[in-house]
Amino acid sequence: MPCGEDGNHPISQEEFNRRGIVDFRFDFMPEYFLIVDAFQAFNASRVINEEDVRILNKYCSMSSSFCLALTRKLSVSAHDFYFRILAMHEEGQEVIREKFSEDDQKILQPDSVTARFSFALVSLVAGFLDSSRSLDASNFTAALCEVFGNGSTVRRIALLDGFVRDEERIRLDFRGLRFEECLFHAVDIWSCQYDAKSSFSECRFMSCSGVFSKGSGVALATFEPNCILDIEFEQVFTEGRKKIQGTEDQSIDAIRSFVSDFYRQGGFRPISRENIERYYGASNSVVAFKQIYRLMKRHNVIIEENQGHYVEVRIAKSVHQMAEKLITQGTLGGALRDVASSLR
């Protein structure tokens, strides 16, 4: 860039002072140029080197400005994007084997170069989906299978603390899948979905706080003996299973729990369907969310209203009185009794 008439560089502090601009900051500049370089490298399919690994590990995480800016700037098809991420993964692993220590090659160590690099690529996948407004549990899991999977088996990925988007924890759909040598660190695994085919081998779970929910299907999943489960995981899993024994009283408790989530300051307020599922899941109910939600709709206890980007749900006015009685007095009647009968 040419200098001004007085010899000052056009973006130098001296030049800004002359123009009356005070305290211009260059803090953003290094990261800006790193993003530009990463964008050019991605488009040119440039082979990953040691410096690229270090930059991605330092700057690229789920909600970082680096990740968001890079993925929003890309204009490639999903197929081409996933193909390039797969190539970056293979190239990066080769660099790590050649340039870094044995400890840094351990995927199950959250501070290792391998784990950080894996999380950086996972973050790019999430950012790419988010840029097209298609980031949900189903699409995200499918994308991870596309990049890191072989059929229904996903190997050697790390999901680390910060596994969020816009302060919302990202969920996975583990149904029908097997995960091998994967690290889950500070991930809300209790709000994910599982079935009897979900299995985990040589995986490590660290600081995965939350509430055990039968509705998630986690009790059906297989955690093989070679998995490393910390004390927090053990406590949530063990205590959660004790709370979900099915009785008639617990079916009534499930109904009370469901309607209570709408009750605030003496009245009933609408909630998004997603939040209802999250709140209900924290209750450890013996009744699966989909089952009770379906029955609440069938018996006209709840009303749905499409708000465009989310579904708003409210308790029907005709049910307000009986729902309040159930919450405050434990009395079950009307449509709520019909729901209870359907649960038997």
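For clarity, every value in this text was computed on a predicted model and none was experimentally measured.
Looking at residues two or more places apart in sequence or on another chain, you find a side chain to side chain contact (heavy atoms under 4.5 Å, CB included) between I85 and F42, F81, M88, L121, L124, V125, V147. Scanning for side chain to side chain donor-acceptor pair (under 3.5 Å) contacts around S65 gives E31, with sequence neighbours left out. In this structure S198 satisfies the side chain to side chain contact (heavy atoms under 4.5 Å, CB included) test together with F174, Y194, D195, A221, sequence neighbours excluded. Not counting sequence neighbours, the partners of Y293 by the side chain to side chain donor-acceptor pair (under 3.5 Å) test are E304. For D136, the side chain to side chain donor-acceptor pair (under 3.5 Å) criterion is met by N139, not counting sequence neighbours. Scanning for side chain to side chain donor-acceptor pair (under 3.5 Å) contacts around N43 gives an empty result, with sequence neighbours left out. Among residues two or more places apart in sequence or in another chain, the side chain to side chain contact (heavy atoms under 4.5 Å, CB included) test is passed with A158 by I107, A115, S118, L160, L183. With sequence neighbours left out, K73 forms a side chain to side chain contact (heavy atoms under 4.5 Å, CB included) with F39.
Side-chain contact between E324 and I327 is absent, with no heavy-atom pair separated by less than 4.5 Å. Contact check for V122 versus F148: side-chain heavy atoms found under the 4.5 Å cut-off. No side-chain heavy atom of C182 sits less than 4.5 Å from a side-chain heavy atom of R155. You'll find the side chain of K58 stays beyond 4.5 Å of the side chain of R54, heavy atoms only. Counting only heavy atoms from C-beta outward, the side chains of F258 and V339 never approach each other to under 4.5 Å. Contact of the I157 side chain with the L144 side chain is registered, since non-hydrogen atoms from C-beta on lie closer than 4.5 Å. Side-chain contact between F184 and F233 is absent, with no heavy-atom pair separated by less than 4.5 Å. Using a 4.5 Å cut-off on side-chain heavy atoms (C-beta onward), R298 and D338 make no contact.
Rounding to the nearest 0.5 angstrom, the gap separating the CG atom in N150 from the SG atom in C145 is 10.5 Å. Of the inter-residue distances, the one linking F128 atom CZ with L70 atom CG reads 11.0 Å to the nearest 0.5 angstrom. Of the inter-residue distances, the one linking L336 atom CG with I252 atom CD1 reads 10.5 Å to the nearest 0.5 angstrom. Going from atom OG of S209 over to atom CD of Q235 covers 11.5 Å, rounded to the nearest 0.5 Å. Interatomic distance, N49 CG to I55 CD1, rounded to the nearest 0.5 Å: 8.0 Å. With values rounded to the nearest 0.5 angstrom, M62 atom CE is found 10.0 Å from D130 atom CG.
T114 and S112 share no donor-acceptor pair across their side chains, judged by distance under 3.5 Å alone. For the 3.5 Å distance criterion, the side chains of D188 and S191 qualify, holding a donor opposite an acceptor.
Residues S216 and C192 approach most closely at CB-O, 3.1 Å, considering heavy atoms. Across Y59 and L34, no two heavy atoms sit closer than the pair CE1-CD1, 3.3 Å. F140 and R171 make their closest contact through CD2-O, 4.2 Å (heavy atoms, listed as atom of the first residue, atom of the second, distance). Here the closest heavy-atom approach between residue D37 and residue R46 is recorded as OD2-NH2, 3.0 Å. Taking all atoms of both residues into account, the shortest heavy-atom contact from S123 to C67 is O-SG, 3.3 Å.
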- Message: Go through it in stages, so that I can follow the logic: the residues are R269 and Y263, the test is side chain to side chain contact (heavy atoms under 4.5 Å, CB included), and I'd like the CA-CA distance, side-chain angles, deciding distance and then a yes or no.
- Response: CA-CA 6 Å; R269 304 287 185 269; Y263 193 68; over 6 Å; no
- Message: side chain to side chain contact (heavy atoms under 4.5 Å, CB included) for T153 and F179? Distances and angles first, verdict last.
- Response: CA-CA 6 Å; T153 301; F179 283 73; over 6 Å; no
- Apply side chain to side chain contact (heavy atoms under 4.5 Å, CB included) to S207 and E232, showing your working. CA-CA 6 Å; S207 303; E232 190 164 11; 4.1 Å; yes
- Item | Trace of the side chain to side chain contact (heavy atoms under 4.5 Å, CB included) decision for T331 with L326 | CA-CA 5 Å; T331 303; L326 175 61; over 6 Å; no
- For the pair N275 and S272, evaluate side-chain hydrogen bond (donor to acceptor under 3.5 Å, both in side chains) and give the outcome as yes or no after the intermediate values. CA-CA 5 Å; N275 281 335; S272 72; 3.3 Å; yes
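One hydrophobic cluster holds both L129 and L74 under the rule that ILVMFWY side chains link at heavy-atom gaps under 4.5 Å. Connection of L56 to V76 is established within a shared hydrophobic cluster, with ILVMFWY side chains joined at heavy-atom distances below 4.5 Å, either directly or through further cluster members. Cluster membership for V301 and I303, using ILVMFWY side-chain heavy atoms within less than 4.5 angstrom, is not shared. L229 and L159 fall within the same hydrophobic cluster, where Ile, Leu, Val, Met, Phe, Trp and Tyr residues are linked whenever their side-chain heavy atoms come under 4.5 Å apart, directly or through other members.
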Validation: residues 199-206 side-chain donor-acceptor distances under 3.5 Å, sequence neighbours left out:
unit_1	atom_1	unit_2	atom_2	d
S199	OG	R178	NH1	3.3
S201	OG	E224	OE1	3.0
S201	OG	N226	ND2	3.2
R204	NH1	L108	O	3.0

Donor-acceptor pairs are to be reported for all side-chain atoms of residues 310-322 against protein atoms at under 3.5 Å, with residues two or more places apart or in another chain.
unit_1	atom_1	unit_2	atom_2	d
E312	OE1	R314	NH2	2.8
H320	NE2	I315	O	3.1

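N57 contributes a side-chain N or O that, together with a main-chain N or O of V113, makes up a donor-acceptor pair within less than 3.5 Å. With hydrogens and angles disregarded, a donor-acceptor distance shorter than 3.5 Å links the side chain of R337 to the backbone of L332. Side chain of W190 to backbone of C208: a donor-acceptor contact under 3.5 angstrom is found. With hydrogens and angles disregarded, a donor-acceptor distance shorter than 3.5 Å links the side chain of T141 to the backbone of D173. When atom types are taken as modelled, the side chain of Q105 and the backbone of F100 share a donor-acceptor pair closer than 3.5 angstrom. No donor-acceptor pair closer than 3.5 Å links the side chain of S257 to the backbone N or O of A254.
Among residues at least two apart or in separate chains, side-chain hydrogen bond (donor to acceptor under 3.5 Å, both in side chains) pairs with a member in residues 74-83 are S77-D80. Within the structure, the salt bridge (Lys or Arg N to Asp or Glu O under 4.0 Å) test picks out the following pairs touching residues 94-104 (sequence neighbours left out): D103-K106.
Around atom CZ of F83, no more than 12 heavy atoms belonging to other residues, nucleotides or ligands sit under 6.0 Å away. Within a 6.0 Å radius of CG in N306, more than 12 heavy atoms belonging to other residues, nucleotides or ligands are found.
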